[in-house]
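To start, the structure itself, in C-alpha coordinates.
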There are 2 protein chains.
Amino acid sequence: MAKAKRTLKWQRDPEGMRLRILEAAKQEFSAHGLAGARVDRIAAKAGANKRMLYYHVGNKDELYLAVLEGAYDKIRSEERGLDLEHLDPPEAIRRLIEFTWNYFLRNPEFLSLLQTENLARAKHLKKSTKVKSMHSPFVEMIRTVVRRGVDSGDFQVAVDPVQLYISIAGLCFFYLSNSATLSVIFGRDLLDKKAKDERLAHMVGLVLAALTGQSVALFEIAKAPKSRSVVAQTV
Amino acid sequence: MAKAKRTLKWQRDPEGMRLRILEAAKQEFSAHGLAGARVDRIAAKAGANKRMLYYHVGNKDELYLAVLEGAYDKIRSEERGLDLEHLDPPEAIRRLIEFTWNYFLRNPEFLSLLQTENLARAKHLKKSTKVKSMHSPFVEMIRTVVRRGVDSGDFQVAVDPVQLYISIAGLCFFYLSNSATLSVIFGRDLLDKKAKDERLAHMVGLVLAALTGQSVALFEIAKAPKSRSVVAQTV
DNA sequence: GGAGAAATTAACCCGTTGGATAAATACTGT
DNA sequence: ACAGTATTTATCCAACGGGTTAATTTCTCC
(Lines give C-alpha, C1' and ligand atoms only; values in the text may rest on other atoms or scores of the structure.)
Protein backbone atom coordinates (compact mmCIF):
# COMPACT_ATOMS: atom_id res chain seq x y z
CA MET A 1 0.00 0.00 0.00
CA ALA A 2 1.99 2.94 1.30
CA LYS A 3 4.64 3.22 -1.42
CA ALA A 4 5.19 6.96 -1.89
CA LYS A 5 3.79 6.67 -5.35
CA ARG A 6 2.59 3.21 -6.02
CA THR A 7 2.92 1.97 -9.60
CA LEU A 8 -0.04 3.02 -11.62
CA LYS A 9 -2.09 0.67 -13.70
CA TRP A 10 -1.85 3.26 -16.44
CA GLN A 11 -0.72 6.79 -16.99
CA ARG A 12 -2.73 9.60 -18.41
CA ASP A 13 -1.43 11.16 -21.54
CA PRO A 14 -4.19 12.47 -23.78
CA GLU A 15 -2.03 14.11 -26.44
CA GLY A 16 0.42 11.22 -26.54
CA MET A 17 -2.41 8.78 -26.82
CA ARG A 18 -4.00 10.76 -29.62
CA LEU A 19 -0.75 10.76 -31.55
CA ARG A 20 -0.19 7.07 -31.03
CA ILE A 21 -3.72 6.38 -32.19
CA LEU A 22 -3.29 8.45 -35.33
CA GLU A 23 0.05 6.84 -36.11
CA ALA A 24 -1.35 3.37 -35.61
CA ALA A 25 -4.37 4.27 -37.69
CA LYS A 26 -2.16 5.57 -40.48
CA GLN A 27 -0.33 2.28 -40.63
CA GLU A 28 -3.48 0.24 -40.49
CA PHE A 29 -5.37 2.24 -43.10
CA SER A 30 -2.44 2.33 -45.48
CA ALA A 31 -1.81 -1.36 -45.07
CA HIS A 32 -5.40 -2.51 -45.47
CA GLY A 33 -7.45 0.31 -46.94
CA LEU A 34 -10.52 1.76 -45.32
CA ALA A 35 -12.78 -1.26 -45.36
CA GLY A 36 -9.93 -3.65 -44.65
CA ALA A 37 -8.68 -1.75 -41.63
CA ARG A 38 -9.62 -3.21 -38.27
CA VAL A 39 -10.44 -0.94 -35.39
CA ASP A 40 -9.18 -3.46 -32.88
CA ARG A 41 -5.81 -3.72 -34.60
CA ILE A 42 -5.46 0.04 -34.48
CA ALA A 43 -6.22 0.01 -30.79
CA ALA A 44 -3.78 -2.79 -30.14
CA LYS A 45 -1.03 -1.13 -32.17
CA ALA A 46 -1.58 2.11 -30.30
CA GLY A 47 -1.33 0.30 -27.01
CA ALA A 48 -4.83 1.36 -26.22
CA ASN A 49 -8.29 0.12 -25.70
CA LYS A 50 -10.69 0.21 -28.57
CA ARG A 51 -12.91 2.60 -26.70
CA MET A 52 -10.08 5.16 -26.72
CA LEU A 53 -10.33 5.63 -30.44
CA TYR A 54 -13.89 6.79 -30.11
CA TYR A 55 -13.07 8.89 -27.10
CA HIS A 56 -10.11 10.73 -28.62
CA VAL A 57 -10.85 10.91 -32.31
CA GLY A 58 -14.22 9.53 -33.26
CA ASN A 59 -15.54 6.65 -35.25
CA LYS A 60 -13.72 4.80 -37.96
CA ASP A 61 -14.49 7.32 -40.68
CA GLU A 62 -13.48 10.34 -38.63
CA LEU A 63 -10.30 8.53 -37.69
CA TYR A 64 -9.59 7.93 -41.34
CA LEU A 65 -10.20 11.53 -42.31
CA ALA A 66 -7.93 12.75 -39.52
CA VAL A 67 -5.16 10.50 -40.81
CA LEU A 68 -5.68 11.73 -44.35
CA GLU A 69 -5.58 15.37 -43.41
CA GLY A 70 -2.43 14.78 -41.40
CA ALA A 71 -0.79 13.17 -44.40
CA TYR A 72 -1.53 16.09 -46.71
CA ASP A 73 -0.44 18.51 -44.05
CA LYS A 74 2.91 16.82 -43.75
CA ILE A 75 3.88 16.72 -47.42
CA ARG A 76 2.69 20.23 -48.18
CA SER A 77 4.61 21.64 -45.24
CA GLU A 78 7.79 19.89 -46.36
CA GLU A 79 7.27 21.21 -49.86
CA ARG A 80 7.06 24.74 -48.57
CA GLY A 81 10.64 24.32 -47.39
CA LEU A 82 11.91 23.69 -50.89
CA ASP A 83 11.96 27.35 -51.82
CA LEU A 84 12.43 26.91 -55.50
CA GLU A 85 12.42 30.65 -55.97
CA HIS A 86 16.14 30.91 -55.43
CA LEU A 87 17.24 28.31 -57.93
CA ASP A 88 17.52 28.75 -61.63
CA PRO A 89 14.47 27.19 -63.27
CA PRO A 90 15.85 23.88 -64.57
CA GLU A 91 17.52 23.24 -61.25
CA ALA A 92 14.29 24.07 -59.45
CA ILE A 93 12.37 21.54 -61.49
CA ARG A 94 15.03 18.95 -60.88
CA ARG A 95 14.82 19.56 -57.16
CA LEU A 96 11.05 19.33 -57.20
CA ILE A 97 11.21 15.98 -58.95
CA GLU A 98 13.85 14.66 -56.59
CA PHE A 99 11.96 15.85 -53.57
CA THR A 100 8.72 14.29 -54.74
CA TRP A 101 10.43 11.03 -55.56
CA ASN A 102 12.22 10.83 -52.26
CA TYR A 103 9.19 11.87 -50.27
CA PHE A 104 7.14 9.11 -51.86
CA LEU A 105 9.93 6.65 -51.19
CA ARG A 106 10.20 7.69 -47.56
CA ASN A 107 6.44 7.78 -47.01
CA PRO A 108 4.85 4.84 -48.74
CA GLU A 109 1.81 5.11 -46.47
CA PHE A 110 1.03 8.42 -48.10
CA LEU A 111 0.74 6.72 -51.46
CA SER A 112 -1.51 4.05 -50.06
CA LEU A 113 -3.75 6.57 -48.39
CA LEU A 114 -4.16 8.49 -51.61
CA GLN A 115 -5.01 5.32 -53.45
CA THR A 116 -7.55 4.39 -50.84
CA GLU A 117 -9.15 7.80 -50.89
CA ASN A 118 -9.36 7.86 -54.67
CA LEU A 119 -10.92 4.44 -54.65
CA ALA A 120 -13.60 6.11 -52.56
CA ARG A 121 -13.76 8.95 -55.10
CA ALA A 122 -12.59 11.44 -52.47
CA LYS A 123 -15.81 11.04 -50.56
CA HIS A 124 -14.15 11.83 -47.25
CA LEU A 125 -11.71 14.44 -48.46
CA LYS A 126 -14.55 16.51 -49.82
CA LYS A 127 -15.78 16.97 -46.28
CA SER A 128 -12.48 18.39 -45.18
CA THR A 129 -12.24 22.15 -45.06
CA LYS A 130 -8.59 22.30 -44.09
CA VAL A 131 -7.17 20.53 -47.07
CA LYS A 132 -8.51 22.70 -49.83
CA SER A 133 -6.79 25.85 -48.69
CA MET A 134 -3.22 24.65 -48.58
CA HIS A 135 -2.57 24.03 -52.24
CA SER A 136 -2.75 27.31 -54.07
CA PRO A 137 0.55 28.62 -52.65
CA PHE A 138 2.22 25.52 -53.95
CA VAL A 139 0.78 25.94 -57.41
CA GLU A 140 1.86 29.56 -57.48
CA MET A 141 5.37 28.52 -56.54
CA ILE A 142 5.55 26.28 -59.59
CA ARG A 143 3.90 28.85 -61.81
CA THR A 144 6.61 31.33 -60.88
CA VAL A 145 9.37 28.88 -61.72
CA VAL A 146 7.86 28.17 -65.11
CA ARG A 147 7.42 31.83 -65.91
CA ARG A 148 10.98 32.60 -64.92
CA GLY A 149 12.18 29.73 -67.05
CA VAL A 150 10.31 31.01 -70.05
CA ASP A 151 11.52 34.56 -69.55
CA SER A 152 15.14 33.48 -69.21
CA GLY A 153 14.89 31.32 -72.30
CA ASP A 154 15.67 28.14 -70.38
CA PHE A 155 12.23 26.70 -71.09
CA GLN A 156 10.69 26.40 -74.50
CA VAL A 157 7.08 26.55 -73.42
CA ALA A 158 4.90 28.08 -70.76
CA VAL A 159 3.39 24.94 -69.39
CA ASP A 160 0.40 24.92 -67.06
CA PRO A 161 1.81 24.50 -63.53
CA VAL A 162 -0.96 22.18 -62.44
CA GLN A 163 -0.39 19.93 -65.43
CA LEU A 164 3.31 19.98 -64.77
CA TYR A 165 2.91 19.07 -61.14
CA ILE A 166 0.45 16.30 -61.91
CA SER A 167 2.91 14.94 -64.45
CA ILE A 168 5.80 14.99 -62.05
CA ALA A 169 3.78 13.46 -59.25
CA GLY A 170 2.33 10.94 -61.66
CA LEU A 171 5.71 9.80 -62.93
CA CYS A 172 6.82 9.15 -59.37
CA PHE A 173 3.54 7.96 -57.98
CA PHE A 174 2.62 5.38 -60.57
CA TYR A 175 6.02 3.75 -60.56
CA LEU A 176 6.04 3.41 -56.78
CA SER A 177 2.42 2.78 -55.98
CA ASN A 178 2.15 0.21 -58.75
CA SER A 179 5.58 -1.27 -58.36
CA ALA A 180 4.10 -4.47 -57.02
CA THR A 181 2.06 -5.32 -60.09
CA LEU A 182 4.56 -3.80 -62.50
CA SER A 183 7.34 -5.92 -61.05
CA VAL A 184 5.24 -9.00 -61.60
CA ILE A 185 4.16 -8.29 -65.14
CA PHE A 186 7.51 -7.03 -66.37
CA GLY A 187 9.46 -9.62 -64.44
CA ARG A 188 11.96 -7.30 -62.88
CA ASP A 189 12.38 -5.88 -59.42
CA LEU A 190 11.59 -2.19 -59.72
CA LEU A 191 12.55 -1.39 -56.16
CA ASP A 192 16.17 -2.41 -55.96
CA LYS A 193 18.71 0.35 -55.74
CA LYS A 194 19.78 0.28 -59.36
CA ALA A 195 16.22 0.38 -60.66
CA LYS A 196 15.33 3.32 -58.46
CA ASP A 197 18.39 5.28 -59.57
CA GLU A 198 17.52 4.63 -63.18
CA ARG A 199 13.97 5.70 -62.65
CA LEU A 200 14.93 9.00 -61.09
CA ALA A 201 17.32 9.67 -63.94
CA HIS A 202 14.66 8.79 -66.45
CA MET A 203 12.09 11.13 -64.93
CA VAL A 204 14.44 14.06 -64.56
CA GLY A 205 15.62 13.51 -68.10
CA LEU A 206 12.15 13.26 -69.51
CA VAL A 207 10.79 16.38 -67.91
CA LEU A 208 13.84 18.58 -68.34
CA ALA A 209 14.33 17.51 -71.93
CA ALA A 210 10.74 18.39 -72.67
CA LEU A 211 10.96 21.75 -70.98
CA THR A 212 14.38 22.84 -72.19
CA GLY A 213 14.53 21.04 -75.51
CA GLN A 214 17.97 19.77 -74.69
CA SER A 215 18.71 16.14 -74.14
CA VAL A 216 19.76 15.52 -70.58
CA ALA A 217 22.70 13.21 -70.02
CA LEU A 218 21.09 11.10 -67.31
CA PHE A 219 18.13 10.40 -69.50
CA GLU A 220 20.23 8.26 -71.75
CA ILE A 221 20.61 5.29 -69.51
CA ALA A 222 19.05 2.99 -72.03
CA LYS A 223 19.31 -0.69 -71.58
CA ALA A 224 20.23 -2.44 -74.77
CA PRO A 225 18.49 -5.75 -75.30
CA LYS A 226 20.79 -8.56 -74.36
CA SER A 227 21.50 -9.64 -77.91
CA ARG A 228 22.66 -6.23 -79.08
CA SER A 229 25.54 -3.93 -78.35
CA VAL A 230 24.89 -0.48 -77.01
CA VAL A 231 22.52 1.68 -78.98
CA ALA A 232 23.91 4.96 -80.16
CA GLN A 233 23.85 7.69 -77.55
CA THR A 234 22.69 10.23 -80.02
CA VAL A 235 23.13 13.96 -79.69
CA MET B 1 -52.80 -25.74 -66.08
CA ALA B 2 -51.18 -27.79 -68.83
CA LYS B 3 -49.70 -24.91 -70.83
CA ALA B 4 -47.55 -26.58 -73.46
CA LYS B 5 -44.43 -25.15 -71.88
CA ARG B 6 -45.18 -23.72 -68.51
CA THR B 7 -43.14 -20.70 -67.46
CA LEU B 8 -39.96 -21.77 -65.74
CA LYS B 9 -38.83 -20.46 -62.40
CA TRP B 10 -35.39 -20.06 -63.92
CA GLN B 11 -33.40 -20.93 -67.00
CA ARG B 12 -30.11 -22.75 -67.17
CA ASP B 13 -27.22 -20.92 -68.70
CA PRO B 14 -23.86 -21.83 -67.17
CA GLU B 15 -21.60 -19.75 -69.43
CA GLY B 16 -23.90 -16.77 -69.38
CA MET B 17 -24.13 -16.97 -65.65
CA ARG B 18 -20.37 -17.14 -65.30
CA LEU B 19 -19.96 -14.03 -67.43
CA ARG B 20 -22.62 -12.14 -65.55
CA ILE B 21 -20.97 -13.07 -62.28
CA LEU B 22 -17.57 -11.90 -63.46
CA GLU B 23 -18.99 -8.66 -64.80
CA ALA B 24 -20.86 -7.99 -61.60
CA ALA B 25 -17.77 -8.86 -59.58
CA LYS B 26 -15.66 -6.51 -61.68
CA GLN B 27 -18.01 -3.66 -60.90
CA GLU B 28 -18.23 -4.48 -57.24
CA PHE B 29 -14.49 -4.94 -56.73
CA SER B 30 -13.62 -1.80 -58.62
CA ALA B 31 -16.23 0.22 -56.77
CA HIS B 32 -15.38 -0.98 -53.28
CA GLY B 33 -12.00 -2.68 -53.32
CA LEU B 34 -11.39 -6.23 -52.22
CA ALA B 35 -12.30 -5.92 -48.55
CA GLY B 36 -15.14 -3.51 -49.25
CA ALA B 37 -16.76 -5.70 -51.87
CA ARG B 38 -19.81 -7.64 -50.74
CA VAL B 39 -20.41 -11.11 -52.03
CA ASP B 40 -24.15 -10.68 -51.70
CA ARG B 41 -24.12 -7.54 -53.80
CA ILE B 42 -22.20 -9.34 -56.53
CA ALA B 43 -24.76 -12.10 -56.51
CA ALA B 44 -27.64 -9.67 -56.63
CA LYS B 45 -26.09 -7.66 -59.45
CA ALA B 46 -25.50 -10.83 -61.42
CA GLY B 47 -29.12 -11.82 -60.91
CA ALA B 48 -27.97 -14.89 -59.10
CA ASN B 49 -27.90 -16.60 -55.81
CA LYS B 50 -24.83 -16.23 -53.62
CA ARG B 51 -24.21 -19.91 -53.81
CA MET B 52 -23.71 -19.58 -57.57
CA LEU B 53 -20.52 -17.61 -57.13
CA TYR B 54 -18.95 -20.49 -55.31
CA TYR B 55 -20.36 -22.97 -57.73
CA HIS B 56 -19.14 -21.26 -60.90
CA VAL B 57 -15.98 -19.45 -59.88
CA GLY B 58 -14.90 -20.02 -56.31
CA ASN B 59 -14.59 -18.04 -53.15
CA LYS B 60 -14.16 -14.30 -52.92
CA ASP B 61 -10.43 -14.35 -53.54
CA GLU B 62 -10.63 -16.61 -56.57
CA LEU B 63 -13.41 -14.45 -57.91
CA TYR B 64 -11.22 -11.42 -57.49
CA LEU B 65 -8.25 -13.00 -59.20
CA ALA B 66 -10.41 -14.10 -62.11
CA VAL B 67 -11.62 -10.54 -62.55
CA LEU B 68 -8.10 -9.21 -62.40
CA GLU B 69 -6.79 -11.65 -64.99
CA GLY B 70 -9.67 -10.83 -67.26
CA ALA B 71 -8.86 -7.15 -67.00
CA TYR B 72 -5.22 -7.61 -67.96
CA ASP B 73 -6.21 -9.91 -70.74
CA LYS B 74 -8.52 -7.33 -72.22
CA ILE B 75 -6.13 -4.40 -72.33
CA ARG B 76 -3.19 -6.39 -73.57
CA SER B 77 -5.21 -7.89 -76.37
CA GLU B 78 -6.42 -4.48 -77.48
CA GLU B 79 -2.85 -3.22 -77.38
CA ARG B 80 -1.77 -5.96 -79.70
CA GLY B 81 -4.06 -4.48 -82.30
CA LEU B 82 -2.21 -1.19 -82.30
CA ASP B 83 0.56 -2.44 -84.52
CA LEU B 84 2.92 0.41 -84.03
CA GLU B 85 5.40 -1.21 -86.37
CA HIS B 86 3.89 0.42 -89.43
CA LEU B 87 3.93 4.00 -88.19
CA ASP B 88 6.86 6.30 -88.11
CA PRO B 89 8.21 6.41 -84.57
CA PRO B 90 6.86 9.75 -83.28
CA GLU B 91 3.43 8.88 -84.64
CA ALA B 92 3.64 5.47 -83.03
CA ILE B 93 4.37 6.98 -79.64
CA ARG B 94 1.56 9.43 -80.07
CA ARG B 95 -0.81 6.64 -80.87
CA LEU B 96 0.34 4.62 -77.89
CA ILE B 97 -0.31 7.55 -75.58
CA GLU B 98 -3.71 8.22 -77.09
CA PHE B 99 -4.69 4.60 -76.88
CA THR B 100 -3.61 4.29 -73.26
CA TRP B 101 -5.42 7.47 -72.34
CA ASN B 102 -8.61 6.48 -74.06
CA TYR B 103 -8.50 2.96 -72.76
CA PHE B 104 -8.19 4.23 -69.21
CA LEU B 105 -11.03 6.65 -69.83
CA ARG B 106 -13.25 3.95 -71.25
CA ASN B 107 -12.37 1.41 -68.56
CA PRO B 108 -12.20 3.13 -65.21
CA GLU B 109 -12.74 -0.18 -63.43
CA PHE B 110 -9.37 -1.30 -64.75
CA LEU B 111 -7.70 1.55 -62.92
CA SER B 112 -9.53 0.76 -59.72
CA LEU B 113 -8.62 -2.88 -59.92
CA LEU B 114 -4.95 -2.05 -60.35
CA GLN B 115 -5.09 0.27 -57.40
CA THR B 116 -6.75 -2.38 -55.30
CA GLU B 117 -4.23 -5.00 -56.27
CA ASN B 118 -1.30 -2.74 -55.57
CA LEU B 119 -2.75 -1.88 -52.21
CA ALA B 120 -2.47 -5.60 -51.60
CA ARG B 121 1.10 -5.53 -52.92
CA ALA B 122 0.17 -7.82 -55.79
CA LYS B 123 -0.43 -10.69 -53.42
CA HIS B 124 -3.03 -12.25 -55.69
CA LEU B 125 -1.44 -11.42 -59.02
CA LYS B 126 1.71 -13.24 -57.98
CA LYS B 127 -0.28 -16.45 -57.90
CA SER B 128 -1.39 -16.00 -61.48
CA THR B 129 0.56 -17.87 -64.08
CA LYS B 130 -1.31 -16.50 -67.06
CA VAL B 131 -0.56 -12.86 -66.54
CA LYS B 132 3.20 -13.00 -66.49
CA SER B 133 3.57 -14.35 -69.97
CA MET B 134 1.60 -11.78 -71.90
CA HIS B 135 3.79 -8.75 -71.44
CA SER B 136 7.10 -9.37 -73.14
CA PRO B 137 5.66 -9.07 -76.66
CA PHE B 138 4.32 -5.70 -75.73
CA VAL B 139 7.66 -4.51 -74.38
CA GLU B 140 9.40 -5.72 -77.51
CA MET B 141 6.94 -3.79 -79.63
CA ILE B 142 7.90 -0.59 -77.85
CA ARG B 143 11.58 -1.41 -77.93
CA THR B 144 11.38 -1.73 -81.69
CA VAL B 145 9.71 1.64 -82.05
CA VAL B 146 12.37 3.31 -79.96
CA ARG B 147 15.19 1.69 -81.86
CA ARG B 148 13.68 2.69 -85.18
CA GLY B 149 13.28 6.22 -83.92
CA VAL B 150 16.88 6.42 -82.86
CA ASP B 151 18.11 4.96 -86.12
CA SER B 152 16.05 7.37 -88.18
CA GLY B 153 17.21 10.33 -86.15
CA ASP B 154 13.72 11.17 -84.98
CA PHE B 155 14.57 10.39 -81.36
CA GLN B 156 17.47 11.84 -79.48
CA VAL B 157 17.95 9.03 -77.05
CA ALA B 158 17.55 5.28 -76.81
CA VAL B 159 15.24 5.14 -73.86
CA ASP B 160 14.47 1.97 -71.97
CA PRO B 161 11.10 0.74 -73.30
CA VAL B 162 9.87 -0.36 -69.89
CA GLN B 163 10.67 3.04 -68.41
CA LEU B 164 8.96 4.71 -71.31
CA TYR B 165 5.85 2.63 -70.99
CA ILE B 166 5.68 3.16 -67.24
CA SER B 167 6.00 6.87 -67.83
CA ILE B 168 3.25 6.97 -70.41
CA ALA B 169 0.96 4.81 -68.33
CA GLY B 170 1.82 6.82 -65.24
CA LEU B 171 1.00 10.14 -66.86
CA CYS B 172 -2.42 8.83 -67.83
CA PHE B 173 -3.06 6.68 -64.81
CA PHE B 174 -2.28 9.14 -62.07
CA TYR B 175 -4.33 11.90 -63.59
CA LEU B 176 -7.38 9.68 -63.96
CA SER B 177 -7.15 7.42 -60.96
CA ASN B 178 -6.43 10.35 -58.68
CA SER B 179 -8.71 12.82 -60.36
CA ALA B 180 -11.06 12.76 -57.40
CA THR B 181 -8.54 14.00 -54.86
CA LEU B 182 -6.71 16.19 -57.34
CA SER B 183 -9.93 17.93 -58.30
CA VAL B 184 -10.57 18.67 -54.66
CA ILE B 185 -7.15 19.97 -53.76
CA PHE B 186 -6.62 22.01 -56.92
CA GLY B 187 -10.19 23.19 -56.99
CA ARG B 188 -10.89 22.45 -60.63
CA ASP B 189 -12.81 19.74 -62.37
CA LEU B 190 -10.22 17.58 -64.09
CA LEU B 191 -12.75 15.44 -65.89
CA ASP B 192 -14.68 17.90 -67.99
CA LYS B 193 -14.12 17.78 -71.70
CA LYS B 194 -11.79 20.74 -71.91
CA ALA B 195 -9.58 19.51 -69.09
CA LYS B 196 -9.27 16.09 -70.66
CA ASP B 197 -8.31 17.52 -74.02
CA GLU B 198 -5.69 19.68 -72.41
CA ARG B 199 -4.30 16.78 -70.50
CA LEU B 200 -3.92 14.62 -73.58
CA ALA B 201 -2.18 17.47 -75.36
CA HIS B 202 0.10 18.01 -72.42
CA MET B 203 1.14 14.38 -72.23
CA VAL B 204 1.75 13.96 -75.92
CA GLY B 205 3.71 17.19 -75.92
CA LEU B 206 5.77 16.23 -72.93
CA VAL B 207 6.79 12.82 -74.15
CA LEU B 208 7.36 13.71 -77.77
CA ALA B 209 9.28 16.86 -76.91
CA ALA B 210 11.53 14.83 -74.65
CA LEU B 211 12.12 12.13 -77.25
CA THR B 212 12.51 14.30 -80.33
CA GLY B 213 13.93 17.45 -78.79
CA GLN B 214 11.41 19.52 -80.69
CA SER B 215 8.71 21.46 -79.00
CA VAL B 216 5.30 20.10 -79.92
CA ALA B 217 2.60 22.59 -80.69
CA LEU B 218 -0.09 21.00 -78.57
CA PHE B 219 2.12 21.08 -75.56
CA GLU B 220 1.90 24.82 -75.39
CA ILE B 221 -1.63 25.15 -74.16
CA ALA B 222 -0.57 27.07 -71.10
CA LYS B 223 -3.12 28.78 -68.98
CA ALA B 224 -2.06 32.23 -67.96
CA PRO B 225 -3.05 33.25 -64.46
CA LYS B 226 -6.21 35.27 -64.55
CA SER B 227 -4.47 38.55 -63.79
CA ARG B 228 -2.08 38.30 -66.71
CA SER B 229 -2.30 38.30 -70.45
CA VAL B 230 -1.13 35.31 -72.40
CA VAL B 231 2.38 34.12 -71.74
CA ALA B 232 4.69 34.03 -74.70
CA GLN B 233 4.31 30.93 -76.84
CA THR B 234 8.01 30.58 -77.18
CA VAL B 235 9.86 28.85 -79.97
C1' DG C 1 -40.83 -41.27 -69.32
C1' DG C 2 -37.50 -41.94 -66.06
C1' DA C 3 -32.78 -41.94 -63.93
C1' DG C 4 -28.89 -39.43 -63.06
C1' DA C 5 -26.31 -35.24 -63.60
C1' DA C 6 -26.11 -30.25 -63.74
C1' DA C 7 -27.67 -25.88 -62.25
C1' DT C 8 -30.12 -23.12 -58.99
C1' DT C 9 -32.48 -21.89 -54.71
C1' DA C 10 -33.39 -21.32 -49.82
C1' DA C 11 -31.96 -21.41 -45.26
C1' DC C 12 -28.66 -21.64 -41.92
C1' DC C 13 -23.97 -21.31 -39.38
C1' DC C 14 -20.68 -19.02 -36.86
C1' DG C 15 -16.72 -16.04 -36.36
C1' DT C 16 -16.00 -11.10 -36.92
C1' DT C 17 -16.59 -6.26 -36.26
C1' DG C 18 -17.96 -1.72 -35.32
C1' DG C 19 -19.81 0.37 -31.83
C1' DA C 20 -22.15 0.98 -27.07
C1' DT C 21 -22.64 0.65 -21.90
C1' DA C 22 -21.08 0.95 -17.57
C1' DA C 23 -17.68 0.60 -14.23
C1' DA C 24 -12.96 1.64 -12.63
C1' DT C 25 -9.03 4.59 -12.13
C1' DA C 26 -6.38 8.91 -12.19
C1' DC C 27 -6.29 13.89 -11.97
C1' DT C 28 -7.79 18.83 -10.44
C1' DG C 29 -9.19 22.40 -7.69
C1' DT C 30 -10.66 23.75 -3.31
C1' DA D 1 -9.46 14.80 1.75
C1' DC D 2 -13.23 15.14 -1.01
C1' DA D 3 -16.13 16.17 -5.01
C1' DG D 4 -16.26 16.39 -9.67
C1' DT D 5 -14.26 15.49 -14.04
C1' DA D 6 -11.23 13.38 -17.44
C1' DT D 7 -9.26 9.28 -18.99
C1' DT D 8 -9.02 4.32 -19.37
C1' DT D 9 -10.62 -0.49 -18.94
C1' DA D 10 -13.61 -4.55 -19.19
C1' DT D 11 -17.68 -6.59 -21.35
C1' DC D 12 -21.32 -7.05 -24.18
C1' DC D 13 -24.14 -7.26 -28.46
C1' DA D 14 -26.63 -6.87 -32.62
C1' DA D 15 -25.62 -6.77 -37.39
C1' DC D 16 -22.99 -8.40 -40.85
C1' DG D 17 -20.56 -11.33 -44.04
C1' DG D 18 -18.36 -15.21 -46.04
C1' DG D 19 -19.13 -19.67 -46.66
C1' DT D 20 -21.77 -24.28 -46.23
C1' DT D 21 -25.61 -27.76 -46.31
C1' DA D 22 -29.36 -29.67 -48.20
C1' DA D 23 -33.27 -29.52 -50.89
C1' DT D 24 -35.38 -28.15 -55.52
C1' DT D 25 -35.70 -27.60 -60.36
C1' DT D 26 -34.15 -28.30 -65.07
C1' DC D 27 -31.58 -30.76 -68.54
C1' DT D 28 -29.88 -34.90 -71.11
C1' DC D 29 -29.66 -39.09 -72.75
C1' DC D 30 -31.29 -43.59 -73.06
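In what follows, every chain begins at residue 1, and chains take the letters A, B, ... in the order their sequences are listed. Quick caveat, the model's predicted, so the values are computed rather than measured.
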Query raised in the report: What are the residues of residues 19-52 of chain A, sorted by number, that bring a heavy atom to within less than 4.0 Å of DNA chain D?
Result: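 Going residue by residue through residues 19-52 of chain A, the ones with a heavy atom under 4.0 Å of DNA chain D turn out to be N49(A), R51(A), M52(A).
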**Report entry** L111(B) versus S177(B), closest heavy-atom pair with distance
**Finding:**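 Taking every non-hydrogen atom into account, CD1-N, 4.1 Å.
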Query - Distance below 4.0 Å between H56(A) side-chain N/O and dA6(D) OP1 or OP2 - result: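 It does not, given that no N or O in the side chain of H56(A) lies less than 4.0 Å from OP1 or OP2 of dA6(D).
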Without decimals, in angstroms, what is the distance between [X] [atom1] and [N] [atom2]?
X: K60(B); N: dG19(D); atom1: NZ; atom2: P; answer: 8 Å
X: E15(B); N: dC27(D); atom1: CD; atom2: C1'; answer: 13 Å
X: L53(A); N: dA10(D); atom1: CG; atom2: C1'; answer: 15 Å
X: L63(A); N: dG18(C); atom1: CG; atom2: P; answer: 11 Å
X: Y55(A); N: dG19(C); atom1: OH; atom2: P; answer: 19 Å
X: Y54(A); N: dT8(D); atom1: OH; atom2: C1'; answer: 16 Å
X: M17(B); N: dT26(D); atom1: CE; atom2: C1'; answer: 13 Å

**Report entry** Side-chain H-bond candidate by donor/acceptor type, H135(A) with R76(A), under 3.5 Å
**Finding:**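 Side-chain D/A pair, H135(A) to R76(A): present.
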Query raised in the report: Looking at E23(A) and R20(A), does any basic side-chain N land under 4.0 Å from a carboxylate oxygen?
Result: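 No salt bridge links E23(A) with R20(A).
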**Report entry** Ring centre gap for F174(B) and F173(A) strictly below 6.0 Å
**Finding:**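 Between F174(B) and F173(A), the centre distance is under 6.0 Å.
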**Report entry** Parallel, tilted or perpendicular: ring planes of F104(A) versus F110(A), cut at 30 and 60 degrees
**Finding:**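 Plane angle between 30° and 60°, so tilted.
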Query - Donor-acceptor under 3.5 Å (N178(B) side chain, T181(B) main chain) - result: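 Judged by distance alone, no pair lies under 3.5 Å.
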